[in-house]
Amino acid sequence: SENAMILRSVLTPSVKSTNIPNLWKLNIRHCVNGKPMKGMLEYGATRASTVHPDSVRFQLAYCTSQGFTHRPYDCTNAFQCTFEDDPNKRVYCYLPPFYINWYNSRYPHDFIDPKNGPYVVQAAQLIQGSPHAANRWQANLHNQITALGFIRNNIDHAFYTKHDNEQQLEAMLSITVDDLLLSYK
């Protein structure tokens, strides 16, 4: 598309622990950066769901006093697991640094000359940093959590509670983008 905005492409590294002592996993996420996002125009919420620190403090203090178990969860590639169905909402971005080198080493029969760039790609997958990725992730996460019986807090929208049949507190859930803290009986 001639009028499409082209965004900068960023590779973001993160290091995760593994089940093997002293062995770490290096993850790379492909993100986009550089698009000014206007609240209520390009996305519905002003930020990704991030629990308020006071809610987490309450969750840890109360649930620990009740003998609950605490479990952290990290949703791997939360924004990169779904496809953008509408081609008009897909993101165009520059290829990340060293992508052409990787591509040429992996597919030498289909050589891309790096000197002819810069190259742009249309991303069919949702990419972290684009406005639609956060919206789709937040909506999907909320729908899944409420289907399990959790209720969103009216003040802190990244904090959920769940009660059993006798209306006793059964679990609390805090969300920070794609990281979850679950405390349960």
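Heavy-atom basis, side chains included; hydrogens, waters and symmetry copies ignored.
- Under the side-chain hydrogen bond (donor to acceptor under 3.5 Å, both in side chains) criterion, Thr161 pairs with no residue, sequence neighbours left out.
- Of all the heavy atoms in Pro114 and Phe111, the pair that sits closest is CD-CZ, 4.2 Å.
- Hydrophobic clustering, with ILVMFWY side chains joined whenever heavy atoms are under 4.5 angstrom apart, keeps Val121 apart from Phe98.
- Side chains of Tyr160 and His142: a donor on one and an acceptor on the other come within 3.5 Å.
- Taking Arg57 as the reference, Asp54 meet the side-chain hydrogen bond (donor to acceptor under 3.5 Å, both in side chains) condition, with sequence neighbours excluded.
- Heavy-atom contacts from other residues, nucleotides or ligands closer than 6.0 Å to CG of Asp110 number more than 12.
- Sparse packing is recorded around CD1 of Ile155, with 12 or fewer heavy atoms of other residues, nucleotides or ligands lying under 6.0 Å away.
- Within 6.0 Å of the OH atom in Tyr73, the count of heavy atoms belonging to other residues, nucleotides or ligands exceeds 12.
- When each of Asn153, Leu180, Leu173, Thr176 is checked for a side-chain contact (heavy atoms from CB on, under 4.5 Å) with Val51, only Thr176 meets the rule.
- Summarising the geometry of Leu95 relative to Ile100, their closest heavy-atom pair is CD1-CG1, 3.9 Å, with the distance given to 0.1 Å.
- Put simply, the side chain of Asp179 never gets that close to the backbone of Asp74: no donor and acceptor are under 3.5 Å apart.
- A side-chain N or O of Thr64 and one of His70 form a donor-acceptor pair less than 3.5 Å apart.
- With rounding to the nearest 0.5 Å, the separation of NZ in Lys185 from CZ in Phe68 is 5.5 Å.
- Shortest non-hydrogen contact noted between Asn116 and Tyr119 is CB-OH, 3.1 Å.
- Of the possible polar contacts, none joining the Lys25 side chain to the Thr18 backbone as a donor-acceptor pair under 3.5 Å is found.
- With hydrogens and angles ignored, the 3.5 Å screen pairs no side-chain donor or acceptor of Asn104 with any backbone N or O of Pro108.
- Of all heavy-atom pairs spanning Gln59 and Phe159, the tightest one is OE1-CE1, 3.6 Å.
- Tyr107 meets the ring pair (Phe, Tyr, Trp, His ring centres under 6.0 Å) test with Tyr103; sequence neighbours excluded.
- Distance CG/Leu148 to CD1/Ile151: 12.5 Å, rounded to 0.5 Å.
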